[in-house]
Amino acid sequence: MQSNANLYQFLASGFPADRSKVAIQTPERQYSYDDIDRLSAQYAHVLQALDVPHGSRIAVQVEKSPEALMLYLAALRAGLVYLPLNTAYRDAEVEYFVTDAEPAVIVCDPSRLDGMQALAARTGNATVYTLDSQGEGSLTDDARSQATAFMTVTSQPDDLAAILYTSGTTGRSKGAMLSHENLSSNAQVLHEYWGWSSDDVLLHMLPIFHVHGLFVASHAALYAGARMIWLPRLDIDAALQALPGSTVMMGVPTYYVRLLADPRFTRDVCRNMRLFISGSAPLLADTFNEFRERTGHAILERYGMSETIMLTSNPYIEAEGPRLAGTVGRALPGVRVRIVDDNDTEVPVGSIGHVQVRGPNVFSGYWRMPEKTREEFTADGWFRTGDMGCKGGEGVPDDYVSIVGRNKDLIISGGYNVYPKEVEMLIDEQPGVFESAVIGVPHPDFGEAVVAVVVPREGAHVDPDAMRDSLKTQLANFKVPKEIRVIEQLPRNTMGKVQKNVLRETWSDVSSAT
Ligand code: MLC
Ligand code: AMP
């Protein structure tokens with residue numbers, strides 16, 4: 001018999017023998033592993049009936065619900081390539097993704113149906129379904145009459161399972177192509193490394209349109225046959241209620257900052273927790289220390305990206321080493337990490353350089369961008385992460401990695417990536433603007449906040465409030481600058497390049513930005 005590398009098949013191999021066990025629990029409803037199998041089968045039948053070629057894309061921009069997760073699993077089962085989109089993306093942003101990826105199917109919130117249908121008609125006639133935050137919509141309506149068993153299609157290890165768009169330094173987003181094997185190998189490694197078992201209860205509050213919430217968190221729980229407490233978003237009141245019944249939580253640093261800001265978050269609330277995991281952005285040492293003092297738990301920080309899923313992790317088992325603030329731990333089993341100079345030559349332990357990686361988890365390239373893909377891999381097959389880091393250092397074991405900065409002009413705000421170029425291009429189109437620079441400044445809640453520095457044309461007046469309002473109609477809310485400062489001229493070096501470091505120093509006190 002031909003073996004099947006389909007990721008769903010892999011995840012289902014970890015489902016508990018007793019399929020009546022609860023897999024997903026929301027404040028209102030619960031779903032067993034049987035329900036997961038049946039509902040994903042019904043959605044898969046709807047998708048299969050469209051008779052689109054194996055490997056067609058399905059673009060999904062919907063609110064978080066258990067059904068949205070079932071839809072993801074159904075896409076895997078039907079052999080489609082899943083393309084999740086942040087619900088914050090505006091029409092113009094979505095248009096780019098849909099034009100680039102040419103999905104055969106689009107699933108959106110009912111509130112966006114008209115726009116999405118028009119977009120589908122303009123870009124190639126994808127079939128459009130709706131799915132709302134309650135799991136209702138035309139997709140579910142069609143699924144209800146479908147059979148509850150589905151033969152998951154056979155996938156090869158290299159077949160694409162998902163495309164995740166990550167913003168590009170040129171302002172143009174790139175679709176990172178992830179295969180079934182990329183995802184299943186990483187899930188397998190994390191399962192063992194973080195000690196998952198079917199007794200675990202994962203507090204799942206992350207969005208499910210990025211690596212962190214969709215792959216790392218959901219795969220871990222499903223493959224372990226564990227239970228997920230499924231909240232639509234970070235909600236501290238709901239989290240405080242759910243934590244005593246949970247064993248694992250994952251979040252971006254803002255989640256931990258917000259928990260600590262609440263005096264009700266105590267050691268007792270965490271009494272059944274075995275693991276808090278942080279990633280997607282740097283966790284401040286202050287947060288790590290305060291958290292340990294308050295709860296007795298050392299947050300486990302790990303490092304990854306859309307192109308690679310998870311790369312490194314602080315140890316789970318104490319005997320394997322300490323969890324150190326400011327480091328992202330060791331390369332995961334099977335993953336290799338090297339720190340190199342500008343010539344791709346490895347630098348000594350303790351020296352800072354470019355972080356390059358390889359392993360079965362590393363993507364195969366960017367969707368329809370062969371040149372960009374070539375640029376991002378070295379001749380000997382290592383992927384250039386764009387992060388700056390070092391191994392070892394004072395008081396740090398030689399094989400621990402620390403991320404010390406970025407070679408790419410990227411802002412990470414509350415765990416979401418913002419590429420300044422994309423925002424600058426839109427600001428420069430605004431009336432009265434001569435030029436602009438977008439920077440990230442320290443922010444107590446989001447880690448970094450987006451700030452724009454704008455130079456008006458001679459004699460022109462720029463109104464920051466009006467500009468923010470205009471930007472909000474074109475950009476996802478998290479990309480809209482929290483502050484827009486108007487100045488006469490941008491600082492430049494002798495080569496004429498804008499000195500963003502100077503701007504960052506000047507405006508770093510904008511941490512009051514809301
Ligand atoms: C929301 N807002 C943000 C923001 N999120 N501003 C900056 N950065 C963010 N991340 C703004 C909104 O525009 C709005 O402003 C105001 O904050 C309130 O919006 P909200 O929707 O109520 O915010 P909230 O629900 O509190 O969301 C904040 C958050 C959320 C931190 C909980 O952003 C979040 O869940 N982030 C997680 C991101 C994530 O999953 N990243 C993983 C990427 S994968 P206004 O002005 O409109 O009112 C990856 C790889 C890896 O990086 O290694 O994991
Ligand atoms: P994304 O493109 O959204 O997948 O974001 C990936 C980027 O997030 C990485 O290249 C890093 O810059 C950053 N990142 C992820 N985890 C961490 C971490 N623990 N510490 C610092 N940066 C991180």
Side-chain angles (χ1 to χ4, degrees), residues 63-64 84 86-88 90 164-169 173-176 178 186 190 204-217 231-236 238-239 250-259 277-284 288 299-314 325-329 354-355 357 361 363 376 383-389 401-419 440 443 445-451 465 468-469 471-473 475-483 513-514:
E63 295 297 332
K64 182 176 175 185
N86 193 322
T87 45
R90 301 286 182 179
L164 293 194
Y165 274 87
T166 77
S167 299
T169 36
S173 282
K174 306 162 286 180
L178 294 166
N186 209 239
L190 295 177
H204 194 308
M205 302 186 281
L206 285 157
I208 54 166
F209 36 67
H210 286 304
V211 163
H212 199 158
L214 184 61
F215 300 149
V216 185
L231 301 180
R233 64 186 57 82
L234 173 64
D235 169 341
I236 294 299
M250 295 190 197
V252 304
T254 302
Y255 286 41
Y256 295 108
V257 169
R258 289 193 187 175
L259 278 172
I277 301 175
S278 175
S280 308
L283 180 74
L284 294 181
F288 178 92
I299 299 174
L300 180 154
E301 186 170 8
R302 62 31 169 208
Y303 160 62
M305 48 192 308
S306 300
E307 290 91 335
T308 64
I309 332 165
M310 293 302 99
L311 293 162
T312 73
S313 170
N314 271 278
T327 84
V328 292
H354 305 278
V355 180
V357 300
N361 52 312
F363 77 138
E376 301 299 344
F383 173 60
R384 306 176 198 277
T385 62
D387 292 309
M388 304 298 292
V401 177
S402 302
I403 304 298
V404 299
R406 295 170 209 134
N407 192 24
K408 46 196 177 189
D409 194 9
L410 163 69
I411 301 165
I412 304 185
S413 176
Y416 287 140
N417 289 4
V418 182
Y419 274 87
H443 189 276
D445 184 37
F446 293 127
E448 280 185 291
V450 178
V451 168
D465 290 338
R468 256 175 62 84
D469 288 346
L471 290 174
K472 276 186 176 179
T473 64
L475 280 175
N477 54 14
F478 61 89
K479 299 181 194 169
V480 176
K482 301 288 180 207
E483 289 259 353
T514 48

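Every number for a ligand or one of its atoms is a count from 1 in the order of the listing.
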Phe363 ring center near Phe383 ring center (under 6.0 Å): yes
Please compare Gly251, Ala449, Ser280, Gly304 and report which has the shortest non-hydrogen distance to atom 49 (C) of ligand 1. Ser280
Using a 4.0 Å cut-off to any heavy atom of Ser306, which atoms of ligand 2 qualify? 1 (P), 2 (O), 3 (O), 4 (O)
Closer than 4.0 Å to some heavy atom of Pro207 - which atoms of ligand 1 meet that? 35 (O), 40 (O)
Protein heavy atom at shortest distance from atom 17 (C) of ligand 2: Ala281 N, 3.7 Å
His210 and ligand 1 - part of the residue with a heavy-atom distance under 4.0 Å: side chain
Which residue and non-hydrogen atom of the protein lie closest to atom 41 (N) of ligand 1, and at what distance in Å? Gly415 O, 3.0 Å
Atom 17 (O) of ligand 1 has as its nearest protein heavy atom Phe446 CZ, 3.8 Å
Under 4.0 Å from ligand 1, counting heavy atoms only, is it the side chain of Asn477, its backbone, both or neither? both
Relative to the heavy atoms of Asn417, which atoms of ligand 2 are at a distance of less than 4.0 Å? 1 (P), 2 (O), 3 (O), 5 (O)
Heavy atom of Met205 under 4.0 Å from ligand 1? no
Could you check atom 37 (C) of ligand 1 against the protein and tell me its nearest heavy-atom contact, residue, atom and distance included? Gly414 O, 3.4 Å
Closest to atom 6 (N) of ligand 1 by heavy-atom distance, out of Met250, Glu307, Met305, Lys482, is Lys482
If you measure from each heavy atom of Arg302 to ligand 2, is any distance below 4.0 Å? yes
protein heavy-atom neighbour closest to atom 31 (C) of ligand 1 works out as Thr254 CG2, 3.7 Å
Tell me the contacting part of Tyr255 for ligand 1: side chain, backbone, both, or neither, using a 4.0 Å heavy-atom threshold, strictly below. side chain
For atom 27 (O) of ligand 1, what's the nearest protein heavy atom and its distance? Arg258 NH1, 4.4 Å
Against heavy atoms of Glu301, which atoms of ligand 2 measure under 4.0 Å? 18 (C), 19 (N), 20 (N)
Ranking Ser306, Ser413, Ser278, Gly447 by closest non-hydrogen atom to atom 8 (N) of ligand 1, top hit is Ser413
Please check whether Arg302 reaches ligand 1 - meaning an N/O of the residue sits under 3.5 Å from an N/O of the ligand, judged on distance alone. yes
For atom 25 (O) of ligand 1, what's the nearest protein heavy atom and its distance? Arg233 CD, 4.4 Å
Looking only at protein heavy atoms, which one is nearest to atom 33 (O) of ligand 1, and how far off is it? Tyr416 CE1, 3.3 Å
Is the backbone N or O of Asp445 less than 3.5 Å from a side-chain atom of Arg258, with the two atoms forming a donor-acceptor pair by type? no
Tell me, please: is Ile412 in heavy-atom contact with ligand 2, that is, under 4.0 Å? yes
Around atom 45 (P) of ligand 1, find the nearest protein heavy atom and jot down its residue, atom name and distance. Lys472 NZ, 4.2 Å
